[in-house]
Amino acid sequence: MVDALGLPVEYKITEGQRHDLVVASDLIERIKPNCLLADKAYNSDAFRQQLNHLQCIDVIPPKVNRIVTIDYDKNLYQARSEIECTFNLLKQARRFATRYEKTLRNYAAVIAIGCSMLWLRI
């Protein structure tokens with residue numbers, strides 16, 4: 001998760017084949033955001049109910065196959081480019097992008113170093 005400036009505030013490492021929505025519930029419980037910008041992959045009723053329970057504004061476009069479409073703020077959704085730019089900056093480090101590290105501990109250290117570099121703007 002990143003803040004409004006695109007700086008990382010929290011992360012959780014998952015297996016490559018696991019969907020991010022599985023751990024997203026855990027992250028929003030820890031962060032308790034006021035507003036959440038996410039892509040179509042996070043468009044599930046259970047996730048939206050959790051956001052409503054936390055009184056968080058959800059800006060998630062509906063999937064094409066959704067029966068009842070849900071409106072979202074398209075102008076605010078454009079700010080999601082900050083999230084993509086953050087991941088782009090992190091993936092500039094080849095070690096981060098290709099996950100050379102074999103152990104979770106070492107890979108978490110690489111992520112922590114990359115996030116701290118973004119915070120320090122090195």
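- Note that CD1 of I31 and CG of L54 are 11.5 Å apart. Values are rounded to the nearest 0.5 Å.
- The shortest heavy-atom contact between A38 and P61 is O-CD, 3.4 Å.
- F87 forms part of a hydrophobic cluster together with V2, L37, I57, V59, Y72, L76, Y77, I83, judged by ILVMFWY side-chain heavy-atom separations under 4.5 Å.
- Looking at residues two or more places apart in sequence or on another chain, you find a salt bridge (charged side-chain N to carboxylate O under 4.0 Å, His left out) between E101 and R95.
- From I60, atom CD1 reaches atom CG of L36 across 5.5 Å, with rounding to the nearest 0.5 Å.
- If you chain together ILVMFWY residues whose side-chain heavy atoms come under 4.5 Å of each other, V68 ends up grouped with I67.
- Between L90 and M117, every side-chain heavy-atom pair lies at or beyond the 4.5 Å cut-off.
- Applying the salt bridge (Lys or Arg N to Asp or Glu O under 4.0 Å) test to residues at least two apart or on different chains, the pairs with a partner in residues 68-83 are D39-R80, R80-E84.
- Stacking of R94 on the aromatic ring of Y100 is not recorded, the 6.0 Å distance cut-off and the 45° axial limit not both being met.
- Side-chain atoms of W119 and L5, non-hydrogen and from C-beta on, never get closer than 4.5 Å to each other.
- Looking only at distances, a side-chain donor or acceptor of Q50 sits under 3.5 Å from a matching main-chain atom of S25.
- Within the model, atoms CD of Q55 and SG of C35 stand 14.0 Å from one another, a figure rounded to the nearest 0.5 Å.
- Pairs engaging residues 48-64 under the salt bridge (Lys or Arg N to Asp or Glu O under 4.0 Å) rule: R48-D58 [sequence neighbours left out].
- Listed here is the closest heavy atom pair of P62 and N43: CA-ND2, 3.2 Å.
- Between N52 and C56, the closest side-chain pair of non-hydrogen atoms is not below 4.5 Å.
- With hydrogens and angles ignored, the 3.5 Å screen pairs no side-chain donor or acceptor of K91 with any backbone N or O of N88.
- In this pair, F47 and Y42 present their aromatic rings tilted. The plane angle is within the 30 to 60° band.
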For residues 7-15, run the donor-acceptor check on the side chains, cut-off 3.5 Å, and write out each pair with its distance to 0.1 Å, sequence neighbours left out.
| from | atom 1 | to | atom 2 | distance (Å) |
| --- | --- | --- | --- | --- |
| E10 | OE2 | R30 | NH1 | 2.6 |
| Y11 | OH | A108 | O | 3.4 |
| K12 | NZ | D26 | OD2 | 3.0 |

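- Counting heavy atoms from C-beta on, the side chains of I28 and P33 come closer than 4.5 Å.
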